[in-house]
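Have a look at the structure below before the remarks.
Here is the naming used below: chain letters follow the sequence lines, and residue numbers restart at 1 for every chain.
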Amino acid sequence: MSLRDAGPPVALVVVFGIFAALSPGFRTLSNVQNVLDAAAVLTVVTCGITFVLMMGSIDLSAPGIMGASAIAVALLVANNRNDNDYGLLGVVLAVLLGAGLGCLSGLALVTLKVPSFMTTLGISAVGLGVATLMFAGVQPNVSDRMLAGLAVERFLGLAHLTWIAFACVLVGWLVQRYSRLGRYAFAIGGAEEVLALSGVRVAPYKVAVFTMAGAFYGLAGVMVTSQLGAGLVQAGRGYDFSAIAAAVVGGTLLIGGRGGILHSAVGVLLVTVLTNGLVQVGVSPYWQGGVQGLIVVAAVAAAVIPQRRRNQVTK
Amino acid sequence: TEEVGGGGPAAAAGACDPADITLVGQVRNESNPYEAAWLDGGDTFAEQVGLTQQRLTYDGDSTRQQEQISQLLAGDTECLVMNVLPNGDSDTPPIVEGAEEAGAYLVTQWNKPADLNVTDYDHWLSHITYDGVESGRQIGDALAEAIGGSGGVIALQGVLDTGAAKDRFAGFEESLAANPEVELLDDQTANFSRAEALEVTKTLLTKHGEDIEGIWAANDDMALGALEALEQAGRTDVAVVGIDAVPDALTAIEEGTMTATVSSDGPWQGGIGLAIGYCVATGELAVEDIADEDRAWFAEQFLIDQDNVADFVSPEITESDFACDNLFSRSQGAMS
Amino acid sequence: MPVIALVVLLAALTVADPGFLTLNSLTAAARTSAPLVVLAAGATLVVLCGGIDLSIAALCSLATVFFALWLPDLGGLTTVAVVAATAAIGAAQGVAHVLLRIPSFIVTLGGLSIFSAIALVISDAGPIRVVDRDVTHWLTLYVGGVVPMAFVVALLVVVVVSLVLRSTPLESWIRATGYSESAARLAGAPVDVVKVAAFTVSGACAGLAAIMLVSRNFSGSPTMADNLLLPAVAAIVVGGTAITGGHGSLWRSLAGALVVTLLRVGLPIVGVPSAYEQILYGAIIVAAVALTLDRSKVQIIK
Amino acid sequence: MTTNLTRPPGQRVPATAPALEVRGLVKHYPGVKALDGVDLVVRRNEVLGLAGENGAGKSTLLKALVGLVRPDAGEIWVRGEKVRLGSIADAADHGIGMVFQEQSLVPNLTAAENIVLGSEGPGVRHGIYRWNTMRRLAQEQLDKIGSHIDPLARTDSLSFADRQMVEIAKVLRIEERTSHPPVIILDEPTSVLESKEIETLFTQVRRLREFASVVFVSHRLDEVLDVCDRVAVLRGGRSVGEVPAADAAPAELHRMMIGSTGSDDHYHGAAAERPDEPRPRLVVRGLSGRTFRDVDLDVHAGEIVGIVGVHGSGREDVCRALFGAEPTTAGEVVLDGARLDLSGTRAACAAGIGYVPAERKTEGMVGPMSVADNMTLTKQGSRCTGPVVRPRKQAKLVDRWIERLSIRTPDRGTAIQRLSGGNQQKVVLARWLVAGDVRLLLLDHPTRGLDVGARSEVYRLLRELAGQGVAMVLLADSLEEAIGMSDRIVVMSDGRATTEVAAPADGKPTPLDLVKEMV
Ligand SMILES: Nc1ncnc2c1ncn2[C@@H]1O[C@H](COP(=O)(O)OP(=O)(O)OP(=O)(O)O)[C@@H](O)[C@H]1O
Ligand SMILES: Nc1ncnc2c1ncn2[C@@H]1O[C@H](COP(=O)(O)OP(=O)(O)OP(=O)(O)O)[C@@H](O)[C@H]1O
Ligand SMILES: [Mg+2]
Ligand SMILES: [Mg+2]
């Protein structure tokens, strides 16, 4: 880790330290567990979005894809709306639905040559539409033991969902470091045209990255359903911007080519600690959003100050 | 009175052929059980009079609501009846003014600025709402009772800038004043959202731990989110109350995991607004004949707890509720 | 190209509901689109510089609150004061962006939440009624009986800003900054100044859009414009402006805003059910961009 | 399809068929005929030089050979077979690989990955990276050219020259990819290298000749004649002939390139007469920054001061610091008696300083913008009256400079990225001259990629500017250029200015003298 990667972890430690000093409730073990549990869904979404950001693209499809997969999984496992009881298979199908939608935005990007900002915004709307269709006015409640258990049952003090999030980070890191897909995603962010000059066809890799991201969102939708015990069309509301913010706070560049899963994980923790800490120290709900925004900006500013260079491009 | 078409809005008032009437129901979105049920209620009424309802949703987006309304009013408005759920208090005035100008019949529900008087308008027929202060207090009292009159509670507020959220919380504060032993440990907003309520509750549970004996939520969605959080934390000793009587909340009350909620009857709301407009448009009811206290009124609501929950599990629409001479039967009195 | 997208969409809506293509309808659509056009036009400048402004909608909401609060004291001057205030806030964001070297995405995302919080607090979390409508009355008039004044003002914004850009070095500085910031800087272009200026104009436009919203809603509210963010950015992209910077124009955003408005209001009005409406909306905006983007100017599509 | 029709099935390819043959290749771009019926033969085991002025069509031709440019007409034959090259991978499968004129490495990948990019072979199995194998593969390539770069270093942490070595190592992967003798194309590989590295490269080229064919492009004609067996000359998109390298002189080659007798006088030995000014125009005292310390430097009006040094000597950063594009920690800079504000490029421009960066593509020009806009980007005043742009005024001015520097462009509205490299460089130079108020020019490799003619034009131009009193700091392309052009040479090593060598027209030091000082 070079100096320029050190900013976000330092910010995390500092923010954590400040809250710990201010609030006795914050520094308890159970609250640390709570923070980790609360970070689970955002972590998984951010895992997906990180690869897209690494390519220099952007992805706003999380709300739609999560909504679709949340309703889908609720309707596929044992529930109050129909007689399905596919259990784990249902979960897999919901994740595949997410992957499929992600794949669509990737395909629209490479075949229609429409910027990812638009394709993913479009796919998000499509996902919400599909979710609303499946929702059909009656909330599907999950009665499946396994799915509901993921949020409730604990291992070493952490909910199973949190371990799933850990696993996603690990998988994401391995993909980023040891797979051609991950390295090419990184390279596409660095210099896409050069890959083409080296005889690499980038289009399939782009589609694959969006598909993988979609799968992560699909899983995140499943996780939200497990937490809420019901399939919600709005399961993913707001996750697009918070995931991007977390990734960027962690040091991933929006123009691509820098950062990675571990950066993003730090970013997610930073954001989650903030949310939790502000409630713990009792900041008025009116001010919370504002204080959070201010601290995020300050954290990023503090992180970039040591690496500022004269002719550095900031977009 | 048979001559429809040529005259201005005034001439057309109360002179619409039932077949020419356009019925429009507008709510935030269909992906929310309460509002979906509302639109279904509108459909039921429309069927009853042999029409169809145009279902509009604006996804909780104020500007989009205004845009849809003004586009709607730019079309044929002579026999247009709108039953609208304004997104927030501030969204009501432009809708009202637009309808007034275009001569469309309008009923609004839930949100209206206090100083906007229905009686100042001819085409804004009525405003219906539930007494939020009352509901907030009712469930507050139920909560206090459930925890034995004393102990710590937390509150989950709705979207902070809505009248509903404010009224309900004000009602809760009244209840707190009446139950001095009940201590409000913390209040946070979860924006009427189940997912946010889950996170906020988890955090507050770690912050206050065993001190929390009850959770007051400004709607059932948040109450259900809080229930999930309690389940995940392995807490079964916390009383939870909400408002709206959505099906899941009723189930939870039946099962005993939730303490109380307050009914607001979505299907009825979806039908009644159209019914009032329909009756005026066809001339069966004249605007001048609607009593002032029926121009802005609180609809009847019930506190639902384990004792009476069975009566509310499957709300029935009674056709007679929408008869032109029975429109205001559920009134609990004029809005103060 | 964006104009073709607009015409095709209008034709399609007319086919779906022949009653849609009436003068009344078009007038209403134009009136509706005005705040979106203004917001998108301002943010287009930031996008042309290679950045993004996510704070426009929240700033616009805050400005509606400012307007409602200040109107009793300032009267006719309120309009000017609000626009000046939002311009200053925009400039402050620009300065934070260039001085602290924080990506515009983060600065303005932070701005978004800060402005929302301020708006909530100063409005006491509720709408503030505007009783004195004289100050905004002019915006609700119609020019020649058909063209809404708000839309005329929006057009004026686009025309004036475009003209200023074209007739001064600003345009080449902005484009150079968007295409290649480091080359622009090494050529001595005032990159930082240009960026701050873009944010300032974007802020001012948010203020102007706020006045249009107030004239329409007779109140200011801390969340009034919040949902206009994505439509505004969508309008910019649908117009064919490259989100990566450099290539594009305010005219394109104008057309894009009209397309987005027609989609937002047109689909439900012609009777598309809400679930399908979402799906269609998604498909159509992607298709619209496929039609409008000039790929010879933007080699790499991110 | 056509592949099989060219010869009866079963017949063996004659061993004498040339490695590569081009017949009547044509390529039009809007407004220019880049290739106008080019014929070219590349024999087996030879090094073919390709010479031509800037914009003659060399790069376009070569890009057609690797499938990057689709010709409008004409044929390409590889080892006696007519082929259609649709992509760079196609070309690689036919054993044709290329090092591009503009660097093309992925900056955020390791050198090893860049070297094997697109043909990872055993370095990636089932989509999974095997880092050790990858490093070994890359190391093999690097060893071939005797480079000591760490294969796992990130490419953007390498110096420009090292990156060029990575490019060369990368193209040599072609050897592993095909069983046929490969054809390796080097488009101006030496323009950024130093003499030692150039020597290494030439050793490689000669080694390659043993089993492959090489096409070599350079604007240094002596170099071309040195390493090539044969030189083909392009002019205006046509082949105008070829000469055996053994008995040709640079002058002869140059004549073919421009189609008439031209002067091959590079450096115009005699400096213009300068007014004697006691006070230097630029005074630098104790300037320190990230990569340099305590640099003192004086430059008089009308003087050209060359700075030489090996890689990492920090001379480039000194230049950038003087332009306000690189932070300084200490020191003082005075221009014409006024203390310079080094906080940004704007201040430097306003003070009359101009800077020509080495990395033209990313720092020198704004690719999609027009020639006119690029040229007037800095000195907006030259196209405005007050704050208002006057398109006519701009057009007149730009056209004058296009003519004056003979910039080859269809018109002033053409996007600069469509110009040939040399012509782009002229536009970048012209940027500082349009207003006529420049007092100090900082030139970082200003002739990189320029043909002989353009180069001497630039030299003449620089001399002329010096005559008008412009002070210049020059980081030259080669020691010869530094010696030829400079009035005085400062040697830098390790971030310090160590020695100063006078280089008056009548007493130029030899390259050897300088090299002694540099190490
Ligand atoms: N993509 C393009 N679009 C339009 N014109 C182009 C393009 N690429 C090259 N040209 C034009 O084709 C001509 C030949 O260019 P080319 O790059 O082949 O020259 P070159 O001989 O390699 O010159 P140099 O020595 O400067 O590299 C030039 O006039 C150039 O402007
Ligand atoms: N971004 C950077 N981070 C760390 N070190 C750097 C960076 N840029 C340059 N350096 C180092 O600073 C030193 C000076 O580099 P500089 O490019 O100024 O040398 P130079 O004398 O101009 O070389 P050349 O002859 O290649 O032009 C080198 O050791 C280089 O590796
Ligand atoms: Mg070339
Ligand atoms: Mg250098």
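Between Ala275(C) and Thr132(A) the shortest heavy-atom distance is CB-CB, 3.9 Å. The nearest pair of heavy atoms linking Gly293(A) to Ser113(C) is CA-OG, 3.3 Å. Contact detail for Ile243(C) and Pro115(A): the closest heavy-atom pair is CG2-CB, 4.4 Å.
The candidate from Val191(C), Val46(C), Val107(C), Val233(C) with the greatest count of non-hydrogen atom pairs under 4.5 Å with chain A is Val233(C). Ranked by heavy-atom pairs shorter than 4.5 Å toward chain A, the options Val121(C), Leu280(C), Leu120(C) are led by Val121(C). Considering only heavy-atom pairs separated by less than 4.5 Å from chain C, the leading option among Val110(A), Ile244(A), Ile295(A), Val233(A) is Ile244(A).
Of the atoms belonging to Val130(A), heavy atoms from both backbone and side chain fall under 4.5 Å from chain C. Within the 4.5 angstrom heavy-atom criterion, atoms from both the backbone and the side chain of Ala234(C) approach chain A. In this structure, the portion of Ala108(A) lying under 4.5 Å from any heavy atom of chain C is its side chain and not its backbone. Only the side chain of Leu109(C) comes within less than 4.5 Å of a heavy atom in chain A; its backbone stays farther off. Of the two parts of Leu60(A), only the side chain, counted from C-beta on, holds a non-hydrogen atom closer than 4.5 Å to a non-hydrogen atom of chain C. If you measure heavy-atom distances from Leu54(C) to chain A, the contacts under 4.5 Å come from the side chain alone. Both the backbone and the side chain of Met118(A) come within contact range of chain C, with heavy atoms under 4.5 Å apart.
Checking Ile123(A), Leu112(A), Leu104(A) one by one against Val286(C), the side chain to side chain contact (heavy atoms under 4.5 Å, CB included) holds for a single residue, Leu112(A).
Rounded to the nearest 0.5 Å, atoms CG (Leu133(A)) and CD (Gln278(C)) are 9.5 Å apart. For the atom pair CD1 of Ile58(A) and OG1 of Thr244(C), the computed distance is 12.0 Å after rounding to the nearest 0.5 Å.
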Residue pair Ile122(C), Tyr286(A): steps toward the side-chain contact (heavy atoms from CB on, under 4.5 Å) verdict: CA-CA 10 Å; Ile122(C) 63 173; Tyr286(A) 289 68; over 6 Å; no

Checking side-chain contact (heavy atoms from CB on, under 4.5 Å) for the pair Leu230(C)/Leu121(A): CA distance, chi angles, key distance, verdict? CA-CA 9 Å; Leu230(C) 282 180; Leu121(A) 196 63; 3.9 Å; yes

Please test Tyr281(C) against Val126(A) for side-chain contact (heavy atoms from CB on, under 4.5 Å), starting from the C-alpha separation and ending with a verdict. CA-CA 8 Å; Tyr281(C) 177 78; Val126(A) 171; over 6 Å; no

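The closest side-chain heavy-atom distance from Ile118(C) to Trp287(A) is below 4.5 Å. Here the side chains of Ile236(C) and Phe117(A) are not in contact, with every heavy-atom distance at 4.5 Å or above. The shortest side-chain heavy-atom distance between Val289(C) and Thr119(A) does not fall under the 4.5 Å cut-off.
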